[in-house]
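Beneath this line is the structure, given in structure tokens, with notes to follow.
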Amino acid sequence: MEKLTGLNKLKTVVFISGTGSNFKNLIEFAKIKKTPISINLVISDTSKAKGLKYADQFNIKKKIFNFQNNKDTEKHILILLKKEKINFICLAGFMKILSKNFIKGFDGKIINIHPSLLPKYKGLNTHYRAIINKDKFAGCTVHYVTEKLDSGKVIMQKKIKVAIKDNPTSLAKKVLKQEHKLYPAAILKILN
Ligand code: GRF
């Protein structure tokens, strides 16, 4: 791929549903010199997502879509992404599953960050499952998005040790810290 300069950075949307620490981290990553992306938009499925505050703070356009009729919602999102010339989607704590039609209809890459060492623990409560299974290792994965939940090709993973005293909360905290390093690294891997 041709090297991206300040003029031709990939216009990126981040999809969130919650706290948005990965969103904030990607905003910061998009400010550094070697970054291949610019964050142009954030989409949330709920106005309650705490992470939306970063859109205000960093002056990023935000849109809230309630996914009651997924098909219509996705159609509207695709129109918006085309209008905004978005060609890269980063899912970051986004709690809805995008359909095959949406994925096919989007002209660009879609990636996600997941708090487990995929293919282990797809879906929710990954840290809880790692703890009750007494796993020695946990971690996070950045992967391409397909219509099958948390099943697309892995781009990068980071593995960490689970301490005997860890519980789901402490493990989540440790993994999240790694997510903030892994997401930018994975983006650099696929775009540079
Ligand atoms: C992260 O652990 C992410 O991997 C998972 O949900 C969490 C979202 O955290 N899918 P945040 O909203 O980015 O702070």
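The first residue of the sequence shown is numbered 1, and numbering continues consecutively from there. What you see is a predicted model, and the numbers here were worked out from it, not measured in a lab. Read the numbers this way: they start at 1 and go in the same order the structure lists the ligands and their atoms.
Close approach to T19 involves these atoms of ligand 1, each under 4.0 Å from a residue heavy atom: 12 (O), 14 (O).
Ring planes of Y54 and F58: tilted class, angle from 30 to 60°.
Atom OG1 of T46 is separated from atom CZ of F94 by 11.0 Å, given to the nearest 0.5 angstrom.
Cluster membership for Y183 and I32, using ILVMFWY side-chain heavy atoms within less than 4.5 angstrom, is shared.
Ligand 1 has at least one atom lying under 4.0 Å from a heavy atom of I113.
Closest heavy-atom approach to atom 11 (P) of ligand 1 among the candidates G93, G18, S21: S21.
Of the protein's non-hydrogen atoms, P115 CD, 3.8 Å is the one closest to atom 5 (C) of ligand 1. Distance from atom 2 (O) of ligand 1 to its nearest protein heavy atom, with residue and atom name: E179 OE2, 2.7 Å.
Both tests hold for K159 against F137: distance to the six-membered ring centre under 6.0 Å, angle to the ring axis within 45°.
Ring-centre distance between F15 and F65: not below the 6.0 Å cut-off.
By the 3.5 Å distance cut-off applied to N or O atoms, G20 is counted among the residues near ligand 1.
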